[in-house]
Amino acid sequence: MSKKPSKTVPRAASKASSHKLPIAATKRPTAPSKPDSADRIARSLEAIAAHLSASSPKPSAIDTLGSADAFVWHPHGRLAPVPRVSRVDLGLLKGIEQVRDILIENTERFADGLPANNALLWGARGMGKSSLVKAAHASINVNRKPAERLKLIEIHREDIESLPALMDLLRASDFHFIVFCDDLSFDGNDASYKSLKAVLEGGIEGRPDNVILYATSNRRHLLARDMIENERSTAINPGEAVEEKVSLSDRFGLWLGFHRCSQDEYLAMVKGYCGHFGIRLDETELEREALEWSTTRGSRSGRVAWQFTQELAGRLGVKLAGK
């Protein structure tokens, strides 16, 4: 009786099946290299240091007020001290004696804690509007103790919208402040003047008792004439539209006008500068050159007198000490 052949799997087939069903090998995670670990540790330490630095208490702007008499306001809450203010001595400001006396009297009352008005110094360019504000501030502080000194804070025209934030900051201080804006005016559809109106008068909090505002402008109403005319021509009620714009300057209690100076006043300014800085020149020659200089500039003003003085001092080799 013949035997049935046994079914054997070919060796080649078994090898093929072994290739079809591979065994998945598990890979061990490679250990991080030492340099990578060191970098991670360094970055973590830097992050911790930055967090600690950010959370540490920083000196507030109010804490810096005793460090100087003048500051520049930055809209993010910083008051930058000005160790040396660019100013002209009060005695060198000629041709503006009347407005000078009014402003100094108003400023002195305010520094003494008495009622005083916000002031708008407007008029001809170069006639000493901003110079008078800085000179008045310096003259008031001459004989005052450090705790009684008046502080001058300049705010730039483009930062007027941050004025309420500055008022909130100064309200908590024991010092008295002049907040000063040079060359203040508004054009086009600029609505930032509303922040100024609210601070001057009309806001719920109003102006703090220890703050007064001084502004200079070439415009009496702080607005361009074509802006006012445009409001009048396009408004349903022209009178109300113009009143809305013009009412800004009405909120300054003092309007101090600066007008073009005469020839005699201009020459007095030049001679005052030359005498103060020790510039020696024959009087006839000095007058001739000063008038020729003003003619080439097309105007007579305190600024033109000062520019001529600088020209003359440079030509004669005289240093303007204190400038």
Side-chain angles (χ1 to χ4, degrees), residues 58-94 96 100 103-104 106-108 110-111 119 121 125-159 162-163 166 169-170 173-184 210-216 258 269-270 272-279 301-314 316-323:
K58 298 180 180 179
S60 64
I62 204 72
D63 295 332
T64 66
L65 290 172
S67 63
D69 285 343
F71 300 84
V72 174
W73 166 252
H74 294 277
H76 301 296
R78 186 169 70 92
L79 285 169
V82 180
R84 183 174 177 272
V85 177
S86 175
R87 58 164 55 100
V88 176
D89 289 345
L90 190 63
L92 295 177
L93 298 176
K94 307 292 184 180
I96 56 173
R100 177 199 65 194
L103 187 69
I104 288 179
N106 189 72
T107 308
E108 193 163 15
F110 171 70
L121 291 71
R125 66 185 189 275
M127 281 304 297
K129 296 184 291 294
S130 59
S131 295
L132 178 57
V133 172
K134 292 181 285 187
H137 167 253
S139 68
I140 295 299
N141 279 342
V142 170
N143 297 317
R144 291 182 180 270
K145 298 176 182 178
E148 300 174 352
R149 294 176 74 84
L150 192 60
K151 306 295 181 178
L152 179 67
I153 298 179
E154 181 177 14
I155 181 171
H156 295 139
R157 158 65 190 86
E158 57 271 20
D159 299 329
S162 67
L163 192 57
L166 176 58
L169 179 67
L170 302 182
S173 175
D174 294 330
F175 290 107
H176 282 69
F177 304 92
I178 298 174
V179 174
F180 169 54
C181 184
D182 189 26
D183 198 18
L184 179 63
N210 63 335
V211 177
I212 200 169
L213 285 96
Y214 287 175
T216 68
F258 290 69
M269 295 173 188
V270 171
Y273 283 132
C274 290
H276 181 76
F277 294 109
I279 302 173
S301 69
R303 181 178 296 148
V304 173
W306 171 242
Q307 291 167 346
F308 169 72
T309 304
Q310 292 185 102
E311 162 68 19
L312 186 60
L316 298 178
V318 177
K319 293 185 177 181
L320 302 179
K323 292 301 293 179

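Heads up: numbering here begins at 1 and tracks the sequence.
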Given 3.5 Å as the limit, does a donor-acceptor pair link the side chain of Asn141 with the main chain of Leu150, or not? yes
Who are the side-chain contact (heavy atoms from CB on, under 4.5 Å) partners of [X], not counting sequence neighbours?
X      : answer
His74  : Val72, Arg78, Ala80
Ala305 : Tyr266, Met269, Val270, Tyr273
Leu90  : Leu93, Arg100, Ile104, Leu132, Ala135, Ser139
Ala138 : Arg87

With sequence neighbours left out, the residues meeting salt bridge (charged side-chain N to carboxylate O under 4.0 Å, His left out) with Glu108 are none
Partner set under salt bridge (charged side-chain N to carboxylate O under 4.0 Å, His left out) for Lys151, not counting sequence neighbours: Asp69
Which residues satisfy the side chain to side chain donor-acceptor pair (under 3.5 Å) test with [X], sequence neighbours excluded?
X      : value
Ser301 : none
Asn210 : none
Thr107 : Tyr214
Arg144 : Asp112

Rounded distance [0.5 Å steps], CZ in Arg303 versus OG in Ser131: 8.0 Å
Can you tell me how far apart NE2 (His176) and CZ (Phe110) are? Round to the nearest 0.5 Å. 5.0 Å
